Amino acid sequence: MPSPGDILLYQKYRFEDGSEKDKLFVALNAADTQSPCLVLKTTSQSKKYSGSKRGCDPARKVFYVPKDWNESFDVDTYIELPHIVEFSVARLIQAGLQRQIRPIGCLSSNRLAQLKNCLKKFKKDLSPRQWKLIFKS
């Protein structure tokens, strides 16, 4: 199971519009049998986020990780906030068995803390259950 900060490659991820593409996600919590794994989508498409400041940029709803931060991303990467995707444990197991999802790296503990602090700026956009799963002590 993914741990908080794990960077997951989901091959042929199916988007809401039905299209499929390889996608990177960042895990926010540790899933268990009672709770899903909460993840944030990433993108390297800079057009939408042009001019973003490094780290937390709440005005653009993004956490920008430049490649020179050496955080397991090969290119400048934007972690999209606050839209959280939920993966059930069953889905993670099935996708893992099919070799469709796998960890490819991990954010440093400092960077994960910065990301979570940034996500706190979007509390009203998270459900109480999501908040509890991400920020429980």
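All figures in this text were calculated on a predicted structure; none of them were measured in a lab.
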Glu20 with Arg14: basic N within carboxylate O range, under 4.0 Å: yes
Between Leu107 and Val85, is there a shared hydrophobic cluster once you connect ILVMFWY residues whose side-chain heavy atoms come closer than 4.5 Å? no
Distance in Å, Arg54 CZ paired with Phe63 CZ, rounded so as to fall on 0.5 Å steps: 11.5 Å
Once side chain to side chain donor-acceptor pair (under 3.5 Å) is applied, do any residues pair with Asp17, and if so which ones, sequence neighbours excluded? Ser19
Distance-minimising heavy-atom pair for Phe15 and Lys21: CE1-CB, 3.7 Å
Output the distance between atom CD (Gln45) and atom NZ (Lys48), rounded to the nearest 0.5 Å. 11.5 Å
Count the heavy atoms belonging to other residues, nucleotides or ligands that lie under 6.0 Å from CG of Asp68, then report whether that count exceeds 12. yes
Is there a side-chain contact between Lys23 and Thr43 in this structure, where contact means two heavy atoms from C-beta onward sitting under 4.5 Å apart? yes
4.5 Å side-chain heavy-atom contact, Asp76 and Ser46: no
When hydrophobic residues are tied together by side-chain contacts of less than 4.5 Å, even through go-betweens, does Leu24 share a cluster with Leu38? yes
From Lys53 atom NZ to Tyr64 atom OH, the distance as rounded to the nearest 0.5 Å: 13.5 Å
Is there side-chain contact between Thr42 and Val65, with at least one heavy-atom pair below 4.5 Å? no
I'd like to check Leu92 versus Met1 (side-chain heavy atoms, cut-off strictly below 4.5 Å). Are they in contact? yes
Polar side chain donor-acceptor pair, Tyr49 to Glu80, under 3.5 angstrom: yes
Can you list the residues that meet the side-chain contact (heavy atoms from CB on, under 4.5 Å) rule with Gln94, with sequence neighbours excluded? Gln98
Taking NZ, NE, NH1 and NH2 as the nitrogens, is one of them in Asp125 or Lys61 under 4.0 Å from a carboxylate oxygen of the other? no
With rounding to the nearest 0.5 angstrom, report the CD1 to CD1 distance, Ile134 to Ile84. 3.5 Å
Quick one: does any side-chain atom of Arg60 pair with a main-chain N or O of Ser50 as donor and acceptor, under 3.5 Å? yes
Can you find a heavy atom in the side chain of Asn110 that is under 4.5 Å from one in the side chain of Gln114? yes
Counting C-beta onward and ignoring hydrogens, is there a side-chain heavy-atom pair between Ser109 and Leu112 closer than 4.5 Å? no
Hydrophobic cluster membership, with links at side-chain heavy-atom distances under 4.5 Å among I/L/V/M/F/W/Y: are Ile104 and Leu40 in one? yes
Cluster question for you: counting only ILVMFWY and a side-chain heavy-atom cut-off of under 4.5 Å, with indirect links fine, are Tyr78 and Leu9 together? no
Rounded to the nearest 0.5 Å, how far apart are CG of Leu8 and SG of Cys37? 6.0 Å
Closest non-hydrogen atom pair, Pro2 against Ala27: CB-CB, 4.1 Å
Minimal non-hydrogen separation, Ser52 against Asp57, with atom names: CA-OD2, 3.3 Å
I'd like to know if Ile79 and Leu126 are part of one continuous hydrophobic network [Ile/Leu/Val/Met/Phe/Trp/Tyr, side-chain heavy atoms within less than 4.5 Å]. yes
Check the pair Lys136, Trp131 against side chain to side chain contact (heavy atoms under 4.5 Å, CB included), reporting the backbone distance first and the verdict last. CA-CA 8 Å; Lys136 67 181 174 184; Trp131 184 267; over 6 Å; no
Could you tell me if the side chain of Leu81 sits less than 4.5 Å from the side chain of Leu119, heavy atoms only? yes
Okay, side chain of Asn29, backbone of Lys132: is any donor-acceptor separation there less than 3.5 Å? no
Side-chain donor-acceptor pair present, Ser108, Glu71, cut-off under 3.5 Å: yes
For residues Leu28 and Leu115, determine if any side-chain heavy atom of one lies less than 4.5 Å from a side-chain heavy atom of the other. yes
Could you walk me through whether Arg129 and Glu86 pass the side chain to side chain contact (heavy atoms under 4.5 Å, CB included) check? CA-CA 12 Å; Arg129 182 177 64 89; Glu86 298 188 13; 2.7 Å; yes
Over all heavy atoms of both residues, which pair between Lys121 and Cys56 is shortest? Give the atoms and the distance, please. CE-SG, 3.7 Å
Compare every heavy atom of Ser72 with every heavy atom of Ile7, then report the nearest pair and how far apart it is. CD1-CB, 3.5 Å
Taking every non-hydrogen atom, the tightest pair across Val75 and Ser44: CG2-CB, 3.6 Å
Any residue meeting ring-ring contact (aromatic ring centres under 6.0 Å, His included) with Phe87, in chain and number order, not counting sequence neighbours: Tyr10, Phe25
